[in-house]
Amino acid sequence: MKTVRQITILGSTGSIGESTLDVIARHPDRFRVAALTAHKNVEKMLLQCQRFRPCYAVMLDTESAEQLAKAIQVAGIDTEVLSGIESLEKVASLPEVNTVMAAIVGAAGIRPTFAAARTGKLVLLANKETLVMAGRIFMDLVKQHSATLLPIDSEHNAIYQSLPHRFNGDLAAVGVSRILLTASGGPFRCSPLASLEKVTPEQACAHPNWDMGQKISVDSATMMNKGLEVIEAHWLFDAAPDKIQVVIHPQSVIHSMVAYIDGSVIAQLGNPDMRTPIAHAMGYPDRIESGVSALDMFKVAHLDFEQPDFERFPCLRLAYQALGAGGNMPAVLNAANEIAVESFLKRRMSFTAIPTMIAHVMQTVKQEEITTLDDVLRTDRLARDVALEWLESLH
Ligand code: NAD
Ligand code: MG
């Protein structure tokens, strides 16, 4: 008989969170939801609690937690409602839970994701920002507490699937020469450069292939998402930056590739639907149904590849710079990017101001080494302050 795995979903009301619940609903014999968490979306959380009956539901926001608690009582559901960051850490560390889906967006996900690693969980990592901000510290923590890390980001999941089973962190030992990280190029891959100044949040969020949360959609339009993913790949696979090559592949059918010294290139293909990497990581080492339709090669017909253009996508260059500089710089890059994206979404600055703001913050914050989570959080706050000051200077 299969043992039922207890799972906590951090960020259950988001795009990854909902896809995770969709996969779970297909396998009631394998998974049981122990805890769900969200920021403020009471309505969606209530529906999820009604359907999945978790032991805990955490709303980061206190007022939202109060509203949810009332609604849960009225609905007669046996779910305990909690609030605040400590509760997010608590449900990521529950002794009865062995699997944690880390799907909060942005730096807000770092503390609960750390809590999951510290308590030796199987961490399904969608929250790439944790690795960008604190790669070395987080990877050391995973090792120290015998946690297991499986990548959910489609590219990294594809790389994981394209590596041999005996891969243990040493790419050279298994004959890998390069990682080819594919990118769609986003909605502005072919737009005239001069038109980028005036693009709207709606246009930036209309991704040609993937349906995702707002932040990652804007990151895809600037290609900062690929920059963050280069840093993520560096830490996950211990790959030197010059061994990670970004390849624009507009169809998003190849989710990434691994090149070997004998000339072989192994790729993972599929329809662009996050339920595939989610099901892969949740079922691992078994293969389980995800609800994703079979890939129709005749419909795909063409697979195209292009070099990325750093003039069009300066954010990608900034990410390589931050990775090369090391220390606090990736955390500075990430924080500045979060403020930049939020400011663009609130129409307080233009799309093209995003890389300008990030470059300014990277030049202003002093470069230094970071060794603890507190150092990372301090860097994050400082970089956000510098970004906000720069924004004020615009108005
Ligand atoms: P989303 O915006 O759709 O959902 C984010 C979730 O986090 C929601 O449940 C929200 O309530 C919660 N949240 C937001 N702010 C919070 C805060 N301050 N404290 C606690 N919870 C908070 O985002 P998403 O697209 O699902 O992305 C989630 C993560 O997965 C991101 O790190 C993203 O980069 C990564 N990812 C997403 C996709 C995708 O297809 N959506 C693909 C690869 C990686
Ligand atoms: Mg990705």
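Whatever order the structure lists them in is the order used to number ligands and atoms, beginning at 1. The shown structure was predicted, so the numbers you read here are calculated from the model rather than taken from an experiment. For this chain, numbers begin at 1 and follow the sequence in order. Excluded from the calculations below are hydrogen atoms, water molecules and symmetry mates; all remaining heavy atoms, backbone and side chain alike, are included.
Ranking protein heavy atoms by distance to atom 28 (C) of ligand 1, first place goes to Ala103 O, 3.4 Å. For atom 19 (N) of ligand 1, the nearest non-hydrogen atom of the protein is Leu60 CD2, 3.3 Å. Remark: minimum distance from atom 4 (O) of ligand 1 to any protein heavy atom is reached at Gly14 CA, 3.1 Å. Annotation: atom 5 (C) of ligand 1 to nearest protein heavy atom, Val105 CG1, 3.7 Å. In terms of protein heavy-atom proximity, atom 17 (C) of ligand 1 is closest to Ala108 CB, 3.5 Å. Protein heavy atom nearest atom 44 (C) of ligand 1, with residue, atom name and distance: Asp153 OD1, 3.6 Å. The shortest contact between atom 34 (O) of ligand 1 and any protein heavy atom is with Lys128 CE, 3.2 Å. Remark: minimum distance from atom 29 (C) of ligand 1 to any protein heavy atom is reached at Ile104 O, 3.7 Å.
Not one N or O of Lys40 is nearer than 3.5 Å to an N or O of ligand 1, by distance alone. Below 3.5 Å of separation, one finds no N or O of Met274 facing any N or O of ligand 1. Below 3.5 Å of separation, one finds an N or O of Thr13 facing an N or O of ligand 1. Not a single N or O atom of Ala38, backbone or side chain, sits closer than 3.5 Å to an N or O atom of ligand 1. At least one N or O atom of Ile16 sits closer than 3.5 Å to an N or O atom of ligand 1. Considering backbone and side-chain N/O of His39, one or more are found under 3.5 Å from N/O of ligand 1. In terms of polar-atom proximity, defined here as any N/O pair under 3.5 Å, Gly213 does make such a contact with ligand 1.
Between Phe138 and Phe114, the ring planes are tilted. Angles from 30° to 60° get that label. In this pair, Phe305 and His249 present their aromatic rings parallel. The plane angle is below 30°, not in the 30 to 60° band. The aromatic rings of Phe310 and Tyr320 sit perpendicular, their planes meeting at an angle over 60°, well past the 30° parallel limit. Using cut-offs of 30° and 60° for the angle between ring planes, the Tyr284 and Tyr160 rings count as perpendicular.
In summary, the atoms of ligand 1 found under 4.0 Å from a heavy atom of Ser12, numbered by their order in the structure, are 9 (O). Distances below 4.0 Å separate heavy atoms of Ala126 from the following atoms of ligand 1: 30 (O), 32 (O), 35 (C), 36 (N), 44 (C).
With a 4.0 Å cut-off on non-hydrogen atoms, Asn127 touches ligand 1 through its backbone as well as its side chain. Both the backbone and the side chain of Ser15 come within 4.0 Å of ligand 1, judged by heavy-atom distances. Residue contacts with ligand 1 for Ser154 are absent, since no atom lies close enough (heavy atoms, distance under 4.0 Å). Contact annotation for Glu129 and ligand 1: only side-chain heavy atoms (C-beta onward) come within less than 4.0 Å of the ligand.
In this structure, Ile216 has a heavy atom closer than 4.0 Å to ligand 1. Using a 4.0 angstrom heavy-atom cutoff, Lys215 does not count as in contact with ligand 1. At a 4.0 Å cut-off, not a single heavy atom of Gly17 sits close enough to ligand 1 to count as contact.
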Item to check | Candidate pair Lys70 and Glu66, rule salt bridge (charged side-chain N to carboxylate O under 4.0 Å, His left out), full reasoning | outcome: CA-CA 6 Å; Lys70 277 191 200 130; Glu66 283 165 14; 5.8 Å; no
Checklist entry - Can you check salt bridge (charged side-chain N to carboxylate O under 4.0 Å, His left out) on Arg26 and Asp22, steps first, answer last? => result CA-CA 7 Å; Arg26 293 166 196 276; Asp22 184 283; 2.9 Å; yes
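Between OD1 of Asp153 and OE1 of Glu155, the angle at the Mg ion (ligand 2) works out to 100°, rounded to 10 degrees.
Side-chain polar atoms of Ser252 and Asn209 form a donor-acceptor pair below 3.5 angstrom. There is no side-chain donor-acceptor pair under 3.5 Å between Asn328 and Asp375.
In the displayed structure, Gln214 atom CD is contacted under 6.0 Å by at most 12 heavy atoms of other residues, nucleotides or ligands. The number of heavy-atom neighbours closer than 6.0 Å to CZ of Arg51, taken from other residues, nucleotides and ligands shown, is 12 or below. Surrounding CG of Asp78 are at most 12 heavy atoms belonging to other residues, nucleotides or ligands under 6.0 Å away.
For the side chain to side chain donor-acceptor pair (under 3.5 Å) with Asn225, the lone residue among His207, Lys215, Lys128 that qualifies is Lys128.
Taking the Mg ion (ligand 2) as reference, Glu229 places its N/O/S atom OE2 nearest.
Taking 4.0 Å as the cut-off between side-chain N and carboxylate O, Arg384 and Asp380 count as a salt-bridged pair. Lys346 and Glu342 are joined by a salt bridge, as a carboxylate oxygen and a charged side-chain nitrogen come within less than 4.0 angstrom of each other. Ion pairing of Glu155 with Lys226 is present here, as a side-chain N (NZ or NE/NH1/NH2) and a carboxylate O approach within less than 4.0 Å.
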